[in-house]
Each structure stands twice: as structure tokens, then as C-alpha cells.
2 protein chains.
Amino acid sequence: MLINEKASRKHQIESEATQMFRSKGYAGSSMRDLAANLGIEAASLYSHVKSKEEILQKICFRIAQNFLEVLQKVLADKKRPIESLREAIIMHCLVMTRDVSASAVFWNEWKHLSGKSKEEFIQMKTKYEDVFISLISEGINSGEIRSIDSKFAALTILSSLNCIHTWYKPDGNLAPRQVGEELAGMLLSGIQNKK
Amino acid sequence: MLINEKASRKHQIESEATQMFRSKGYAGSSMRDLAANLGIEAASLYSHVKSKEEILQKICFRIAQNFLEVLQKVLADKKRPIESLREAIIMHCLVMTRDVSASAVFWNEWKHLSGKSKEEFIQMKTKYEDVFISLISEGINSGEIRSIDSKFAALTILSSLNCIHTWYKPDGNLAPRQVGEELAGMLLSGIQNKK
DNA sequence: CCTACCGATCGGTAGG
DNA sequence: CCTACCGATCGGTAGG
């Protein structure tokens with residue numbers, strides 16, 4: 001099937017680009033190198049993708065969508081704030097560990113987006129962060145979380161999570177779910193009210 | 001004084017490059033843009049610096065030196081492991097907040113170093129991380145810290161610290177020392193043994 | 001998916 | 001610190 005072959009080639013391009021953007025950065029990666037790694041000429045890439053930036057967009061928005069989707073599911077459960085927060089942290093880890101390279105690109109290279117893409121991306125990012133801030137604020141109001149600057153706490157937690165890619169090894173001795181639970185335990189006991 | 005003027009110009013170049021590398025990345029910043037921001041021609045930069053990479057080296061190694069120096073002072077105090085760890089976290093925050101842009105470059109752009117510089121940089125980085133790992137291991141042995149994967153814990157803590165630049169505002173409502181103490185409190189209560 | 005090619009821009013040098 | 005310039009490389013297009 002021609003359509004499937006094209007789709008698969010497009011997928012290969014995005015996948016190879018993800019590895020390159022991660023290790024050399026978006027600006028440090030050239031379309032020629034990308035093509036060479038796939039065994040084709042640079043010009044041939046443009047029958048599958050419109051531009052270099054389009055590839056970056058696909059990667060960034062796919063991961064952003066993943067994060068927002070699982071977060072909506074967590075919120076739908078309507079548990080107590082600190083339990084929602086725990087679930088949200090674990091799910092965040094699962095999304096990241098499922099595709100470490102794409103997550104690294106998502107986190108480090110989105111600044112190279114331009115125009116409306118960049119605006120839209122920042123909106124999604126802000127929306128995601130705001131949920132964490134709100135959950136912490138709710139937890140403070142209900143007494144589960146100690147009095148703390150909720151924005152400060154939320155961004156610190158998200159920083160820890162988003163840097164997983166710098167040390168996580170898929171073949172390490174910690175399974176993804178374990179990583180999430182360990183991190184949730186560690187980060188939440190730091191803001192929880194002592195009983 | 002001619003020498004001072006030259007030194008000051010060199011300092012200006014490094015300072016402006018730091019801002020650019022932070023916002024657009026090393027590979028995304030050109031020597032022409034850098035020169036334009038300083039009001040001179042690109043070729044003129046080369047009477048002050050040997051190459052683009054030399055500028056990056058200066059930034060990365062200066063910050064790395066800062067981190068290692070304050071860490072040595074903390075270790076010289078020979079407190080109990082968890083107290084050394086607390087001091088180390090606070091000092092790390094002070095170094096970062098003293099120069100947020102350079103710290104961001106240090107953390108995000110060192111991968112663009114090459115050859116011996118890169119090797120040497122990684123050695124310093126590893127040495128620094130190893131001290132944190134050792135402190136946690138000691139804390140576990142002395143019973144102050146709960147049983148945990150010390151490498152996992154150390155790298156999580158350092159990730160949180162190194163991402164300060166993504167949210168820290170020098171004119172915000174948290175003073176540098178406060179940031180450090182809040183973070184130390186939050187991160188350490190997550191690994192401390194319950195009394 | 002290729003060859004052939006475009007204009008723009010890159011890091012850096014020579015010589016003053 | 002400048003003018004003038006180098007070879008290399010960039011993202012991307014035309015046409016097949």
C-alpha cells in the first residue's frame with residue numbers, strides 16, 4: 001500500500017529527527033544529516049515533510065497532547081488533591097519514559113518553534129502547569145499540604161519530572177511505574193503536612 | 001588603560017553571548033548576530049576571542065568552577081551528611097541565582113563542546129554529582145536518610161536545582177537564600193528518615 | 001526519490 | 001576595529 005509506505009517513511013523521518021534533535025539540538029541538526037542517516041538525499045525529505053520546523057512541531061505537539069490527555073483522565077477521577085497530584089506525577093513519568101528522546105526534545109527544543117505554533121505550545125504548557133498549581137492550592141486549602149508558594153512548588157516538581165530524560169535508562173533497574181512512584185513519594189513528602 | 005579596555009570588551013562579548021546562547025541556543029546563535037548586538041562587525045570579534053566555541057567554554061567552565069569551589073567549602077565543614085547536603089543545596093542555589101543566564105547555558109549547551117573540553121567538562125560534572133551521591137550514601141549508612149537508590153535521589157535533586165533557571169525571576173518575591181532553603185527543605189524531607 | 005541548483009548565511013582569515 | 005573575502009554549509013525548490 002502506497003499510503004502506508006508513505007506514512008511509515010514519515011514516521012521514520014520523525015523518529016530519526018527526534019534522536020538527532022535530542023543529541024545535537026534542533027539548530028545543530030541539518031536536513032542533510034537527517035537524510036544521510038536515512039540513506040536518502042536531502043531534497044527527498046521534502047516529499048514527506050513541508051519543512052524542518054514542521055518536524056519539530058509534530059514532536060512537540062504529540063508529546064504535549066499526551067501529557068494533557070493523561071492529566072484529564074487523572075482529574076476525571078476526582079480524588080482528593082494530593083492523591084490526584086500523586087497520580088498526575090506517576091502518569092507524567094509514564095508518558096516521559098514511554099518516549100524519552102521525544103520528551104527531551106519537547107522539553108529542550110520547543111523554543112525553536114515560531115509564530116502561532118510557539119504561542120499555541122506555550123498555551124498548552126501553561127495550561128498543564130496551571131493544573132498542578134491549582135491542585136497544590138486546593139491541597140493547601142484542605143490542609144493536606146503545608147503552607148507553601150504553590151507556583152514555586154509546582155514548578156519545582158515539574159522540573160524534577162521533566163529532567164528524567166537526563167538520567168533515565170530504559171534498561172536500568174527501575175521500571176517506569178517504579179520511577180513514578182518513587183518520585184511521587186519523594187516530591188510529595190516534601191510538601192505534605194506532617195500528621 | 002588599553003589592557004582593561006580589552007578585558008572589558010571581552011567581558012561584554014561573553015556577557016552578550018550568554019544571553020543569546022540562553023534564548024536561542026549555541027547552534028542557533030551566530031557570530032554576526034552577536035557582533036550586531038554589540039554594535040561591531042563580526043570579524044572584529046576575533047581580535048578578542050579565538051572562536052565561537054571558546055566563548056562557550058569560558059561560560060561553562062566558569063560556572064562549573066563556581067559549583068566545585070563552593071562544594072569544597074561545604075565539605076570542609078565536616079558536618080553530618082544530611083547537613084552537608086542541605087548546605088550544598090543552598091550553595092548550589094546561590095551560585096545559580098547569582099547568574100541565571102550563565103547557569104542555563106552551563107546546563108543546556110555544554111553538549112556543544114567538543115574534544116578535550118567536552119571530556120574535561122563531563123569529568124567535572126561527574127565529580128560534582130558523585131559528591132552528592134556519596135553524601136546520600138553516607139546519610140543512609142548513618143540512618144539519617146531512608147533506604148533509597150542514592151544515585152536516583154542525587155540526580156533528582158540536582159535536576160530540580162538545575163532547572164531553577166526556567167522559573168526563577170531575580171525580581172520575584174523570593175530571595176536567593178530563601179529559594180535555597182525552601183528547596184532544601186522540600187527535597188530533603190522527601191528522603192529523610194521519619195523520626 | 002533523484003539531480004541540479006538557488007540565495008542566504010555560516011565561522012573564520014588576510015591585511016590594514 | 002574595519003573592508004573584503006574565503007570555502008562550506010544551510011533550508012528549500014524545480015523538474016523529472
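Chain letters run A, B, ... following the sequence lines, proteins first and then strands; every chain starts at 1. Since the model is a prediction, treat every value here as computed from it, not as a measurement.
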Side-chain donor-acceptor distances from residues 75-98 of chain A under 3.5 Å, at least two apart:
{"residue": "A/Arg80", "atom": "NH1", "partner": "A/Glu144", "partner atom": "OE2", "Å": "2.9"}
{"residue": "A/His92", "atom": "ND1", "partner": "A/Tyr128", "partner atom": "OH", "Å": "2.7"}
{"residue": "A/His92", "atom": "NE2", "partner": "A/Asn162", "partner atom": "OD1", "Å": "3.0"}
{"residue": "A/Thr97", "atom": "OG1", "partner": "A/Cys93", "partner atom": "O", "Å": "2.8"}
{"residue": "A/Thr97", "atom": "OG1", "partner": "A/Leu94", "partner atom": "O", "Å": "3.3"}

Quiz item: If you count the non-hydrogen atoms of other residues, nucleotides and ligands that lie under 6.0 Å from NZ in B/Lys151, is the total more than 12?
Solution: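 Counting neighbours around NZ of B/Lys151, 12 or fewer heavy atoms of other residues, nucleotides or ligands fall under 6.0 Å, so no.
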
Whether each nucleotide of nucleotides 11-16 of chain D has a protein heavy atom under 4.0 Å at its base (B), only at its sugar-phosphate (S) or at neither (-) is summarised, 5' to 3', as BBB---

Inset, instruction - For B/Arg177, check side chain to side chain donor-acceptor pair (under 3.5 Å) against everything at least two apart and list the hits. - result: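 B/Glu181.
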
- Round to the nearest Å and state the distance from B/Leu45 atom CG to D/dT3 atom P.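 After rounding, the gap between these two atoms is 14 Å.
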
Side-chain donor/acceptor pairs under 3.5 Å, residues 56-69 of chain B, sequence neighbours excluded:
{"residue": "B/Gln57", "atom": "NE2", "partner": "B/Ser117", "partner atom": "OG", "Å": "3.0"}
{"residue": "B/Arg62", "atom": "NE", "partner": "B/Glu14", "partner atom": "OE2", "Å": "3.2"}
{"residue": "B/Arg62", "atom": "NH2", "partner": "B/Glu14", "partner atom": "OE2", "Å": "3.3"}

- prompt: If you measure from OG on A/Ser160 to CG on B/Leu187, what distance do you get to the nearest 0.5 Å?
  reply: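 Those atoms lie 6.0 Å apart.
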
**Request:** Could you tell me the separation between the NZ atom of A/Lys10 and the CD1 atom of A/Ile55, rounded to the nearest 0.5 Å?
**Result:**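 Here the rounded value is 9.5 Å.
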
Notebook entry, point to check: Does B/Ser150 reach the side chain of B/Phe132, with side-chain heavy atoms less than 4.5 Å apart?
Noted result: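 Heavy-atom side-chain distance check fails, nothing below 4.5 Å.
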
- Apply salt bridge (Lys or Arg N to Asp or Glu O under 4.0 Å) to A/Arg32 and list each qualifying residue two or more places apart in sequence or on a separate chain.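 With neighbours one apart ignored, the set is empty.
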
**Report entry** DNA chain C: stems of at least 3 consecutive Watson-Crick or G-U pairs whose donor-acceptor distances fall under 3.5 Å
**Finding:**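 Detected stem regions: C:1-16 with D:1-16.
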
